[in-house]
Every structure is written in structure tokens, then in C-alpha cells.
Amino acid sequence: MQKKLVPDYVEKLEVYQAGKPIEELAREKNLTKISKLASNENPLGPSPFAIREMTNALWDIHRYPDMFAHELKNELASLYKLKPQNIILGNGSEGIMGYIVRAFLQPDDEVVTSANTFIGFLILAKSVGAKLIQVPRREDYKYDVEAMAKKITEKTKIVYIANPDNPTGTYITKEEFDFLMKHVPAHTIVILDEAYFEFAQSMWDYPDSMNYRYDNVITLRTFSKAYGISGIRCGYGFGHDYLIGNLHKVKLPFEPGTIAQKGAYGALRDYPHLVRTLENNKKRSEELFIYLRNEGFSPIPSVTNFITFKTGSEEASLFLYNELLNHGVIIRPLRANLMPDHVRISLGTKEEMEHFYAAMEDVLPRYNEKFRRPA
Ligand SMILES: Cc1ncc(COP(=O)(O)O)c(C=O)c1O
């Protein structure tokens with residue numbers, strides 16, 4: 001038999017579908033006012049400190065980046081009381097997930113995670129032929145840690161936990177994390193993907209991974225969400241020297257680039273911008289939750305910068321999505337997460353949310369007529 005150019009497990013993958021870009025919608029519908037509430041970005045934009053650092057760095061981009069990223073690693077190390085050798089940087093936290101897969105996963109290794117979780121890591125794991133064990137969620141949309149623990153076997157190489165989770169906005173508690181860790185053997189790596197950490201850290205029962213020191217846990221965080229610089233791609237990870245040391249062996253040496261390192265450094269030093277971001281998020285989250293409730297939906301309680309709710313069918317989700325697009329509001333239907341009967345709304349600025357509410361005023365009567373007419 002002829003050998004194949006591309007392994008079956010790669011051929012079977014589907015290309016990741018990102019939120020619709022603003023320019024694309026503007027072109028398609030000839031709209032000028034667009035509110036993108038689809039990719040969990042920071043609606044306040046980047047910190048001016050980040051912009052200043054990046055702008056200054058432009059004069060040096062004929063040079064390769066600092067492959068040790070001293071300045072940024074030292075800043076992170078002092079903020080989180082770590083040693084720089086326990087830190088890895090990458091092109092977004094997904095860049096680091098790519099290193100993790102390259103360094104630790106082999107075909108037929110098992111990855112245990114929850115159903116309907118962030119698909120970025122799952123695509124990467126499948127791309128090397130690993131086997132995904134996705135454990136159904138609980139009724140309340142939370143990870144079912146008891147059921148997940150039962151799926152951990154000799155073959156489990158990685159347990160992937162998005163905490164808080166995207167797209168549900170739920171989180172596993174300290175107690176649940178402790179329970180799970182009791183069932184994880186030393187040869188299994190736990191990835192704690194804390195992309196939304198900053199939004200959840202004030203919850204008393206949120207297990208901030210900085211308070212634990214497990215040799216087999218890698219924490220991933222990002223500058224893409226609360227820090228508002230997703231466009232430059234910079235994420236960071238913490239872990240034991242042994243794991244981080246091996247990740248560095250497979251890492252592309254000059255990721256993240258100079259502009260990304262500088263932007264992240266600037267963003268980290270602008271604490272007031274982070275506070276403004278969290279304050280806006282809290283207010284918008286409370287308002288949207290109440291609005292959705294009042295309109296007869298059941299939003300999932302979220303500790304992140306987005307809220308997901310059930311529409312009841314894929315048709316209803318797509319109706320909302322398409323009708324809102326006509327008004328210049330981009331939300332996210334969740335077919336890719338195998339939740340086609342749900343949609344997710346990222347929290348925007350006050351003005352963006354008002355745009356959404358005004359659009360809903362037009363869309364909802366038709367939505368109700370079509371999908372909620374009493375039998
Ligand atoms: C749970 C989760 N992890 C990781 C990422 C990727 O973030 P980054 O931009 O750092 O690659 C996202 C982005 O949406 C996410 O939701």
C-alpha cells in the first residue's frame with residue numbers, strides 16, 4: 001500500500017474557527033459600528049504602558065529577540081515569587097501548549113479532560129495522534145472531577161483542565177482540585193490552563209495554582225485576556241524545573257518576538273489598567289446576567305469575561321448569531337465545542353453592551369415568535 005503524505009489523525013482535524021473579525025463583517029454588511037463580543041478579548045484595549053514599550057521597541061526589530069526574555073521573566077518572577085527557570089514563554093498560551101504536546105505527548109497516549117472545553121489544546125493533542133478521553137460535564141455545566149478521576153489510568157499522559165473553563169465560565173474549586181490531584185499519578189502531567197485567572201482570582205474557593213507546588217502541574221496563563229494584548233501573542237507557563245527545562249528543548253528559541261515581550265512587560269507593570277478591566281468586567285457581567293434572566297434565558301454563572309447560555313437548538317443559536325450580525329454585533333455560537341444549542345457572549349464596554357441590548361430589542365420578538373411560541 002502506498003504510504004500517505006499526511007497521517008490520518010492530522011487529515012481528520014478541522015481548522016480552528018476564530019470569532020468573526022470586525023473588518024470582515026464591516027465589509028460584508030457595509031456597517032460602520034461593530035461590537036465584537038466573540039473572542040473574550042479585553043474591550044478596554046491594551047494598556048498605554050504596553051503601547052509605549054512596543055512602540056519604543058520598533059527601532060530594534062532588525063535584531064533577534066532576547067531568547068531568554070530576561071526582562072519579562074524577571075518581572076513575572078518577582079510578581080509571583082518564582083525563579084525565572086520555572087517560567088516558560090510562548091506565542092500565546094497556545095504556543096506553550098504546542099511545546100507541551102511536542103515534548104510530552106506520543107501517539108496513543110491518553111489525554112483526560114472534560115467534554116465541551118476549550119478546543120485549542122484538544123486539536124493540538126489530536127495532531128500528534130493522542131487519544132482524547134472527554135468526560136461529560138455535570139448538569140450544572142461544571143467539570144465532573146469525580147468521573148474524570150475514574151478515567152485516569154496508566155496510559156494517561158496529560159490531564160487538561162481549563163480553570164476557569166471556556167466556554168462555560170465555570171471553575172473547579174480548591175476542594176475539587178485537591179480531590180483530583182489525589183488521583184493523579186506522578187507520571188501524569190496536569191495542565192492547569194488559567195487563561196481567565198485574573199477574573200476568577202477573587203473567588204475564595206478558586207484554587208490559585210501559585211499556592212500549590214506539584215512537580216507534575218504546569219500552569220498556563222496569558223496576556224490575551226485581562227491584559228488586552230491578544231494580537232501580539234504572548235503567554236506564560238510555570239512549572240517544575242524538570243518540565244520547564246524539557247519544554248525549552250523543543251521551544252522555538254525566538255518565540256515570543258521582541259514586540260510581544262515588550263508589550264507583555266508594559267502590560268504587567270500597568271496595574272491600574274488591570275483594575276479598570278476587572279471593574280468593567282464585573283459590572284458588565286452582572287448586568288448581562290440579569291438581562292438574560294429577565295428575558296427568560298438561563299445564563300451559566302460565570303467567573304470569566306463572557307457568559308454562555310442555552311438557546312435550545314442549533315437553529316435558535318444561529319438565528320441569534322445571524323440576526324445580531326445584521327446589527328453589527330458579533331457573538332459566538334458554540335458548535336465547535338459540541339454545544340450547538342448554546343451561544344457565548346464576551347463582555348464588552350458599556351457602549352458595546354448597549355449596542356447588543358439595542359440589537360436584542362429588535363431581534364428578540366422574532367426569536368421568541370420563532371422559538372418560544374407556546375405549544
Ligand atoms: C481556556 C483558554 N486557554 C487558552 C486560550 C488561548 O489563549 P492565548 O491567546 O494565550 O493563546 C484561550 C483563548 O480563548 C482560552 O479560552
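Order of listing sets the numbers, starting from 1, for every ligand and every atom in it.
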Q: Backbone N or O of I158 within a donor-acceptor pair of the T156 side chain at under 3.5 Å?
A: no

Q: Can the positive tip of R221 be found less than 6.0 Å from the middle of the six-membered ring of Y80, inside 45° of the ring normal?
A: yes

Q: What do you reckon, does R221 put a non-hydrogen atom under 4.0 Å from ligand 1?
A: no

Q: Give a yes or no on this: more than 12 heavy atoms of other residues, nucleotides or ligands lie within 6.0 Å of atom OH of Y212.
A: yes

Q: Contact between ligand 1 and F121 is defined here as a heavy atom of the residue under 4.0 Å from a ligand atom; is it met?
A: no

Q: Which atoms of ligand 1 have any heavy atom of S224 under 4.0 Å away?
A: 8 (P), 9 (O), 10 (O)

Q: Does E14, at its CD atom, have more than 12 non-hydrogen atoms belonging to other residues, nucleotides or ligands within less than 6.0 Å?
A: no

Q: Numbering the atoms of ligand 1 from 1, which are under 4.0 Å from a heavy atom of K225?
A: 12 (C), 13 (C), 14 (O)

Q: I'd like to check which ligand 1 atoms, numbered from 1 as shown, lie under 4.0 Å from a non-hydrogen atom of N166.
A: 1 (C), 14 (O), 15 (C), 16 (O)

Q: Which atoms of ligand 1 sit under 4.0 Å from any heavy atom of E94?
A: 6 (C), 11 (O)

Q: Just by distance, no angles: are the side chains of D193 and N163 close enough, under 3.5 Å, to form a donor-acceptor pair?
A: no

Q: Tell me whether the NZ or CZ atom of R52 lies within the 45° cone about the ring axis of F49 and under 6.0 Å from its centre.
A: yes

Q: Below a 4.0 angstrom heavy-atom separation, can you tell me which part of Y196, side chain or backbone, both or neither, approaches ligand 1?
A: side chain

